[in-house]
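Notes follow once the structure below has been shown.
Basis for what follows: all heavy atoms, side chains included, without hydrogens, waters or symmetry-related copies.
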Amino acid sequence: MPSEFHQKAHETLANANLQLAIFTATGRLKDKRVEAVGPGELPDYQELRTQANAIKQHAIDNLDHYLELFERNVAARGGHVVYCKDGTEVSDFILALARERGAHLIVKSKSMTTEEVDLNERLEHHGLESVETDLGEYILQLAHQRPYHIVAPALHMTRYDVAEVFTRRLNVPNEIVIEKQTALARSILRQKFLAAEIGISGANFLVADSGAVVIVENEGNARLTTSAPKIHITIAGIEKVIPRAQDLATFLKLLARSATGQLLSVYTSFLSGPRRPGEIDGPDEFYVLLLDNGRTRLLPDKNKRQSLFCIRCGACLNTCPVYRRIGGHTFPWVYSGPIGAILTPQFMGVQQEPDLPFASSLCGACGEVCPVKIDIPKILLELRSDVKKAETRDKQNRLEKLSFRVFAWLMTHPRLYEMAGKMLRSVGVPSIQAGPLRAWTSQRDLPPLPGRSFREMWRRR
Amino acid sequence: MSRDYILHRVRTSLGRSPSEPIPDPPPARILIPEVTLDARVASLIARVEALAGVALETSDPRAYIASAIAGKTVIASNSPYLAACGISSLPGVESGITDREQLRNACATADIGITSADYALADTGTLVMLSSWAEARMISLLPPEHIAVVPRDRILTGLDELFSILPNPAEQSSSMVLITGPSRTADIEQILVRGVHGPGKITVLVAP
Ligand code: SF4
């Protein structure tokens with residue numbers, strides 16, 4: 001039976017409109033990136049990649065140190081750091097805080113980390129209103145879909161799809177002009193920003209030496225989310241920490257160029273703690289929730305831990321010939337494309353997602369464009385071998401169980417047991433080593449069989 | 001809650017022990033090119049214009065703004081530089097607000113927000129704004145149009161120079177924002193639309 005992954009891939013391949021949409025959008029992003037990192041625009045691109053890789057390697061290899069440093073510096077600026085194992089701990093914290101402060105309305109800026117834990121559903125289940133404010137995410141929230149792409153979440157939708165979603169969910173007249181659709185979203189969301197008690201953001205970087213959260217965006221919704229409400233909560237994976245503010249000179253040059261071909265995104269916010277005495281505006285309370293949610297599982301293996309270097313630029317998706325055909329929703333979790341193919345099986349366990357490491361032609365394009373130089377093809381290969389090992393282990397376990405069942409049955413049927421023993425002695429041990437039990441016997445030494453069985457010897461005594 | 005559990009997991013997975021010293025991080029990569037002030041001004045203006053912003057150098061920003069704001073509702077920041085330029089006292093300009101709610105309401109209804117900037121970055125066309133008593137966050141964010149008046153000698157070459165002057169921006173302010181062009185989105189069919197949540201129009205005046 002074809003897996004869900006295969007089935008969805010085929011559906012996407014058969015949908016001509018979708019094929020065109022994905023191919024054009026990723027193609028455009030891809031071309032813009034190539035131009036922005038070219039020798040004319042960024043002559044030291046390769047040096048920057050090498051530096052970015054070295055900093056991430058150092059930060060992840062010493063992650064506990066930098067987490068604690070970050071935590072101390074956030075506290076020194078009057079903020080709070082809360083460590084969360086999983087989505088339940090995240091939503092429990094937010095729900096308790098909202099209850100204490102009497103908050104009902106939450107505005108959210110784009111964050112893949114909150115998608116991981118289905119934060120909106122969890123909060124809305126408890127009666128809070130949690131509104132996505134990035135235009136693409138807002139459309140998807142109304143359409144009840146998850147992001148199609150880590151940078152361009154609604155990449156698969158046309159203006160007609162958006163018009164349909166808006167009329168159905170917002171009760172507005174059909175509007176197919178993109179500028180007007182945008183203006184409509186702006187005016188609805190503006191009211192939410194001004195009324196919300198809590199703003200929830202993600203983070204692109206956590207800066208250890210400053211205790212700061214860095215958020216990169218184009219629309220201004222993240223600035224509003226983090227500055228308009230009285231409470232700002234950041235939710236970030238533990239791997240986002242970098243040592244120094246000065247390292248941003250490296251990362252910021254790479255991130256926007258790799259993502260959309262911009263020199264810098266429109267807004268880069270560097271936020272440390274609540275507003276200070278004298279400052280006119282900004283939040284009164286500042287929390288950073290550091291999420292594990294499976295990340296620590298990636299740390300023990302020295303090579304595979306580089307999967308955590310990812311700065312979510314999306315370049316590997318745009319360049320991947322497989323993603324560009326099968327699209328984002330074919331992937332079983334929030335992360336799609338090459339980075340999804342290596343993250344998801346490691347977060348979930350390879351047995352859970354055995355198809356993913358094979359969703360690649362191993363052409364190597366992803367590794368070449370990655371601004372932090374993650375060796376994605378190599379990790380894919382290692383995961384493939386992990387899948388195979390897990391499959392063999394699985395098969396072995398099944399065979400082992402089967403042979404013990406046969407053995408138990410023979411034991412309760414003495415005649416048959418004796419006959420089986422005679423047969424085995426006449427054909428000899430090598431025969432079973434070649435048969436279906438090979439996988440089992442190849443790992444175990446069997447003693448040579450005696451000429452007569454114990455039962456026979458007992459009878460002849 | 002799960003602090004100790006997670007830190008313990010991280011440590012054991014990495015093979016480290018509590019408060020074990022770490023090797024030195026790779027040195028930060030800060031390279032500041034030599035660029036004359038005139039060239040920086042020219043680059044800033046070209047970059048802002050490439051982003052569909054308006055940028056120009058003027059010795060009289062007050063006159064420029066006076067004609068640009070005629071008939072509009074305008075809020076200006078408490079920046080002493082704007083006051084010194086005579087901009088805060090222009091007729092029709094509201095300035096001097098120090099209360100958060102009052103400021104927010106004023107920004108939510110204003111057509112134009114006027115600020116200074118702590119620095120500008122020549123090679124990307126970026127304004128650098130640190131939040132303080134002089135500069136509120138909302139003035140460059142809520143009104144549909146933003147005008148920034150930047151003293152010429154505050155124009156830096158780029159990010160490297162910024163982070164060498166401010167190695168730790170958190171020491172100055174709870175918020176440093178880099179603004180590079182007008183607010184924009186391309187979320188629907190990759191079609192560029194300006195002014196989705198922040199200002200759709202941005203003007204950078206380089207002044208003495
Ligand atoms: S793996 Fe590399 S290329 Fe892909 S999203 Fe992450 S940082 Fe970008």
Side-chain angles (χ1 to χ4, degrees), chain A residues 25 28 51 54-55 58 61-65 77 83-85 89 135-136 154 158-159 162 178-179 181-182 186 194 209-212 218-221 223-224 227 243-250 252 263-264 266-276 278-282 292 296 299-300, chain B residues 1-3 5-7 9-11 13-14 16 22-23 25-26 28-30 47 78 97-98 100 103-104 108 123-124 126 131-133 136-138 141 159-160 163-164 166-170 173-191 193 195-198:
Chain A
R28 213 172 286 165
Q51 172 77 0
I55 294 169
H58 171 82
D61 285 350
N62 301 286
L63 187 57
D64 56 314
H65 169 85
R77 306 278 176 216
Y83 290 80
C84 300
K85 257 188 277 198
E89 293 197 348
L135 178 62
T158 63
R159 67 192 79 186
V162 175
I178 294 176
E179 283 77 8
Q181 294 175 333
T182 306
R186 174 185 163 112
L194 296 176
D209 74 349
S210 321
N218 279 325
E219 296 184 359
N221 65 308
R223 282 184 73 194
L224 282 161
S227 294
R244 301 155 297 212
Q246 288 199 327
D247 296 321
L248 291 169
T250 298
L252 293 178
L263 305 185
L264 274 179
V266 176
Y267 302 117
T268 302
S269 298
F270 185 101
L271 307 168
S272 52
R275 72 167 165 157
R276 305 198 186 151
E279 290 180 5
I280 302 166
D281 50 9
D292 178 351
T296 45
L299 290 174
Chain B
M1 270 198 300
S2 294
R3 178 183 188 277
Y5 172 82
I6 291 174
L7 284 174
R9 272 198 71 140
V10 170
R11 256 182 227 118
S13 308
L14 294 171
R16 287 175 40 81
I22 60 157
R29 190 173 186 279
I30 298 285
R47 288 299 193 185
N78 304 338
I97 303 176
T98 53
R100 174 165 60 185
L103 178 94
R104 196 155 98 161
D123 68 351
T124 50
T126 301
S131 165
S132 67
W133 60 271
R137 302 183 189 200
M138 290 297 150
L141 184 55
L159 283 171
D160 292 62
F163 283 108
S164 85
L166 291 180
N168 187 347
S173 169
S174 71
S175 159
M176 175 176 81
V177 180
L178 314 184
I179 302 176
T180 310
S183 152
R184 63 188 236 177
T185 184
D187 274 352
I188 306 173
E189 293 184 20
Q190 301 269 299
I191 305 285
V193 180
V196 51
H197 289 293

* Relative to chain B, which of S210(A), G220(A), P274(A) shows the most heavy atom pairs under 4.5 Å? -> S210(A)

* Asked: Which one, I191(B), I6(B), D123(B), L159(B), leads in non-hydrogen pairs under 4.5 Å with chain A?
  -> I6(B)

* Asked: For R77(A), is it the side chain, the backbone, both, or neither that has a heavy atom closer than 4.5 Å to a heavy atom of chain B?
  -> side chain

* Where does R104(B) contact chain A at under 4.5 Å (heavy atoms): side chain, backbone, both or neither? -> side chain

* Checking P182(B) against chain A: side chain, backbone, both or neither under 4.5 Å from a heavy atom? -> backbone

* How long is the gap from CD on Q246(A) to OG on S164(B), to the nearest 0.5 Å? -> 7.0 Å

* If you tally heavy-atom pairs under 4.5 Å against chain A, which of T124(B), L166(B), L141(B) wins? -> L141(B)

* To do: Take D64(A) and L14(B), measure what side-chain contact (heavy atoms from CB on, under 4.5 Å) needs, and give me the verdict at the end.
  => CA-CA 9 Å; D64(A) 56 314; L14(B) 294 171; 4.1 Å; yes

* To do: Identify the two heavy atoms, one from R186(A) and one from G195(B), that lie closest to each other, and give their separation to 0.1 Å.
  => NH1-O, 3.2 Å

* To do: Measure the spacing between CZ of R9(B) and CG of L299(A) and express it to the nearest 0.5 Å.
  => 8.5 Å

* To do: Find out whether T180(B) and L263(A) are in side-chain contact, i.e. whether some heavy atom of one side chain is under 4.5 Å from a heavy atom of the other.
  => no

* May I ask you to test the H58(A)-I22(B) pair for a side-chain heavy-atom distance under 4.5 Å? => yes

* Heavy-atom proximity to chain B below 4.5 Å, by part of R159(A) -> both

* Taking every non-hydrogen atom, the tightest pair across S227(A) and R137(B) -> OG-NH1, 2.8 Å

* Counting only heavy atoms closer than 4.5 Å, note whether I30(B) contacts chain A via side chain, backbone, both or neither. => side chain

* So what's closer than 4.5 Å to chain A heavy atoms on I97(B): side chain, backbone, both or neither? -> backbone

* To do: Specify which of A25(A), A249(A), S272(A) makes the most heavy-atom pairs with chain B at under 4.5 Å.
  => S272(A)

* To do: Compare every heavy atom of E279(A) with every heavy atom of S173(B), then report the nearest pair and how far apart it is.
  => OG-OE2, 3.4 Å

* To do: Measure Q51(A) against the heavy atoms of chain B and call it side chain, backbone, both or neither at under 4.5 Å.
  => side chain

* Examine whether an atom of R16(B) lies under 4.5 Å from a heavy atom of chain A, and if so say whether it belongs to the side chain, the backbone or both; otherwise answer neither. => side chain

* Please report the shortest heavy-atom distance between P25(B) and R244(A), naming the atom on each side. => CG-NH1, 3.7 Å

* To do: Pick whichever of L194(A), V162(A), D209(A) has the most heavy-atom pairs under 4.5 Å with chain B.
  => L194(A)

* To do: Could you give me the CA-CA distance, side-chain angles and deciding distance for V193(B) and I178(A), then say whether side-chain contact (heavy atoms from CB on, under 4.5 Å) is met?
  => CA-CA 8 Å; V193(B) 180; I178(A) 294 176; 3.8 Å; yes

* Asked: Which answer fits N78(B), side chain, backbone, both or neither, if we ask what part of it has an atom under 4.5 Å from a heavy atom of chain A?
  -> side chain

* Asked: Which answer fits T158(A), side chain, backbone, both or neither, if we ask what part of it has an atom under 4.5 Å from a heavy atom of chain B?
  -> both

* To do: Quick one: pull up CG in L63(A) and CZ in R11(B) and give me the separation to the nearest 0.5 Å.
  => 10.5 Å

* **For D187(B) against G136(A), the heavy-atom pair lying closest together** => OD2-N, 2.7 Å

* **Which atoms of T126(B) approach chain A - backbone, side chain, both or neither, heavy atom under 4.5 Å** => side chain

* **Residue among P23(B), S183(B), A186(B) with most heavy-atom pairs under 4.5 Å to chain A** => S183(B)

* To do: Calculate, to the nearest 0.5 Å, the distance between atoms OG and CZ belonging to S175(B) and R275(A) respectively.
  => 13.0 Å

* Test side-chain contact (heavy atoms from CB on, under 4.5 Å) on R223(A) and I179(B) and set out the steps. => CA-CA 11 Å; R223(A) 282 184 73 194; I179(B) 302 176; 3.8 Å; yes

* To do: Can you spot which of N221(A), T182(A), N218(A) makes a side-chain contact (heavy atoms from CB on, under 4.5 Å) with H197(B)?
  => N221(A)

* How many angstroms lie between OG1 in T296(A) and OH in Y5(B), if you round to the nearest 0.5 Å? -> 6.5 Å

* **Donor-acceptor contact below 3.5 Å, side chain D281(A) vs main chain L103(B)** => no

* Structure fact -> Smallest heavy-atom separation, A170(B) atom then F270(A) atom, equals N-CE2, 3.7 Å

